[in-house]
There are 2 protein chains.
Amino acid sequence: MYRKDGMVKLSDIARELGLSLTTVSRALNNYSDVSPKTKKLVIETAKRLGYIPNLSARGLALRKNHLVSLFYYDYVNSGPYQPFTFEVVAGIRKFFSNTKYDLIMIPETRRGRKSQSLKSICYSRGVDGLIILGILTDDPYIEELKADFIPTVFLDYPLLSKKVSYVESDNIKGCMLAIDYLVSQGHRRIAFINGHELAAVSSVRLKGYMEGLKKHNIEFDPEITEIGDYTERSGYFAARNLFLKEKNITAIFAASDLMAIGAIRGLNDIGLKVPDDVAVVGYDDILLAEYFQPRLTTIRQHKFELGFQAAAELHSIMENPNHEPKARTIKVELIIRDSA
Amino acid sequence: MYRKDGMVKLSDIARELGLSLTTVSRALNNYSDVSPKTKKLVIETAKRLGYIPNLSARGLALRKNHLVSLFYYDYVNSGPYQPFTFEVVAGIRKFFSNTKYDLIMIPETRRGRKSQSLKSICYSRGVDGLIILGILTDDPYIEELKADFIPTVFLDYPLLSKKVSYVESDNIKGCMLAIDYLVSQGHRRIAFINGHELAAVSSVRLKGYMEGLKKHNIEFDPEITEIGDYTERSGYFAARNLFLKEKNITAIFAASDLMAIGAIRGLNDIGLKVPDDVAVVGYDDILLAEYFQPRLTTIRQHKFELGFQAAAELHSIMENPNHEPKARTIKVELIIRDSA
DNA sequence: AAATCTATCCAAAGCGCTTTGGAAATTATG
DNA sequence: CATAATTTCCAAAGCGCTTTGGATAGATTT
């Protein structure tokens, strides 16, 4: 804390007005046992003297710091993971801007990778709640969180208990929209490039893909499902692998835009044009999707809304002791462009 | 077991060992007036009991919270400002992950737009330092910061005093690289799409552009400089305006990739092809740059490094009382692709 | 042996705030 | 009018930690 000397504190206001510390505190906190006249006086004096409350002291007394900790990865596999995370965080920031909570980011590597338990990180800063983006299914923190020790909201990881909840896009619906659209364009042999099992959404999207096929009486064929890691590179090789095994594929549905882009490039390199020879549908609708050539037909996730709703859910859990955590599902949208 | 909420505190360790609170505290803080034997004992016991220090209490006593506040805009004009910000923040996070500082984001709109002074925001949370990204030149916070009340580092805003410093890309060099390259490709009539004056970098880039021209004995012509707002849309119209006035332009240098992309689209819409009819060079090297068609020739800013160095500079100011704030300049790089 | 150091420890005060459990002053009630 | 109820205020304890200014016992010096 910088140059805290000269800071006006409650006792200064009390002295100035000949009141007790207690009364000043209660006046500023709008308690009912302070007369309106005194309240007004205290508030005015506080403003006049430039009083700034010390939240550390308040936190200490209240055992509540109005602090939410935000966890996310800066990098996923190959590169910086901006396309998704940034907007989600924007939504979170937006929600909390109307509350008394601030957001704190605690480098998980503060002392070596995961050497500190989540609990110690949270308790030491007096964090009141957690928002966790894009956690991998093998992350050791998950076990800790299951113990339900702190209000938590996950993005895209389904965990629900007394104090923890999650928010996700309607992945099933999203995948079905993609399949519906491809089928409506006459495709029946639709391959799937999914992400790995470390991302919880992967299994959901596989399910959505299968349900989509089923709806149109297309049999699921594991042969034409490839596993990538959500990066462009993995999409590239996945697409090539698909066509090594099977020439009749007319469409590819990829579980991320980056993989879709990779797939398109992979196809180009083996002489196949998108959308003429093969149709490709992506997932996410990241910024790139509408700038890439061909512009990507994709399933849009409302990233800002995901963040905003995650924050809202967490806020409910924290503020309302008998709030029943409830998963929130955000609508998705088919964005038709040129790749399919 | 030790307290209602189960948190172990220093006094619990003291009681367990029959030591005083003072000694336990000093042992954990590695003071020299505690015997090695006692130290070892205290540390072991702390670990055994699962002691987690309460940083609010420590902050209160020390008047120092090891907290850095991060300011950035989620949106710039039209859309989310991910391309640049996210990676810069990643660099900042990376640096602080090896320190004892955590990052806090305080929604500036906590109670209406800019209604709270920076000072009150910082002092209330006991923030020790500030990093400020992409501030506009008319932002009221700037005046406050000039008062030098808290260690601060700006990105791309040149302010230097006892406790405040800044980090920026080598914008002059960047612009000159662009011009050098265009000239080497035979261009002499090079238009410039700059950003507005609200961004401090704009004037620097204009200067760089002019120096670049001068170096090659090309006269600066204000007629072929347009002002945009760093968005694609503004680049679109800027490019069209340029060709409304003047048909001899053979190259455009844009002060952001988004404006470059907009310019290319604007040119396409009036029947001009890039790079065949007009060469376009962008600035930033955002993710889009290499996916757009044509792939963008541009000046790469090392965003991660910008963030990392900003954090490092701030750390120096905070930790070392007689550190002389010093602006840091990050190298830029010409990335040659297809648009020029 | 007494006097002086030195290493090790601790009681208590304080950081700025909230809250408990009354007390005093005021108003209402019988 | 005395008593009860209400309003308004406050002293003091406590949140968990650091630090100041000794105290104590053992080691060293004279």
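In what follows, every chain begins at residue 1, and chains take the letters A, B, ... in the order their sequences are listed. Predicted model only: the values in this text are computed from it and were never measured.
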Ignoring the backbone of [X], work out which of [options] is nearest its side chain.
X	options	value
B:Leu62	C:dC10, D:dC17, D:dT18	D:dT18
B:Val34	D:dT8, C:dC9, C:dT18	C:dC9
B:Thr23	C:dC9, D:dT19, D:dC17	C:dC9
A:Ala61	D:dG16, D:dT18, C:dT18	C:dT18
B:Asp33	C:dC17, D:dC17, C:dC9	C:dC9
B:Thr22	C:dT18, C:dC10, C:dT19	C:dC10
B:Ser35	D:dC17, C:dG16, C:dT8	C:dT8
B:Leu19	C:dG16, C:dT8, C:dC10	C:dC10

Rounding to an integer number of Å, can you tell me how far [X] [atom1] sits from [N] [atom2]?
X	N	atom1	atom2	result
B:Leu55	D:dC15	CG	P	18 Å
B:Arg125	C:dC15	CZ	P	22 Å
A:Arg26	C:dT19	CZ	C1'	7 Å
A:Tyr31	C:dT20	OH	P	7 Å
A:His66	C:dC17	NE2	P	15 Å
A:Leu21	C:dG16	CG	P	11 Å
B:Asn65	D:dT18	CG	P	12 Å
A:Tyr123	D:dC15	OH	C1'	17 Å

Checklist entry - Is there a side-chain polar atom (N or O) of B:Asn29 under 4.0 Å from OP1 or OP2 of D:dT18? => result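 So the side chain of B:Asn29 is within the cut-off, an N or O lying under 4.0 Å from OP1 or OP2 of D:dT18.
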
Checklist entry - Looking only at side-chain N and O atoms, does B:Arg58 come under 4.0 Å of OP1 or OP2 in D:dT18? => result yes

Checklist entry - Does A:Lys119 make a cation-pi contact with A:Phe149, if we ask for NZ or CZ under 6.0 Å from the ring centre and within 45° of the axis? => result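 Verdict for A:Phe149: a cation-pi partner in A:Lys119.
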
Next on the checklist: By the 4.0 Å heavy-atom rule, please label A:Gly126 as base, sugar-phosphate, or nothing.
Outcome noted: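 A:Gly126: no heavy atom of the nucleic acid under 4.0 Å.
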
Next on the checklist: Classify A:Thr38 by what it touches in the nucleic acid, base, sugar-phosphate, or nothing, heavy-atom distance under 4.0 Å.
Outcome noted: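 Contact class for A:Thr38: sugar-phosphate only.
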
Any salt bridge linking [X] with [Y]? Criterion: basic side-chain nitrogen under 4.0 Å from a carboxylate oxygen.
X	Y	answer
A:Asp74	B:Lys94	no
B:Glu168	B:Arg328	no
A:Lys40	A:Glu44	yes
B:Glu143	B:Lys146	yes

Item to check | Plane angle bin for B:Tyr157 and B:Phe154 - parallel if under 30°, tilted between 30 and 60°, otherwise perpendicular | outcome: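 Because their plane-to-plane angle lies in the 30° to 60° range, the rings of B:Phe154 and B:Tyr157 count as tilted.
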
Next on the checklist: For a quick check, tell me whether the side chain of A:Ser25 and the base of C:dT19 share a donor-acceptor pair closer than 3.5 Å.
Outcome noted: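 Per atom types, no contact qualifies.
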
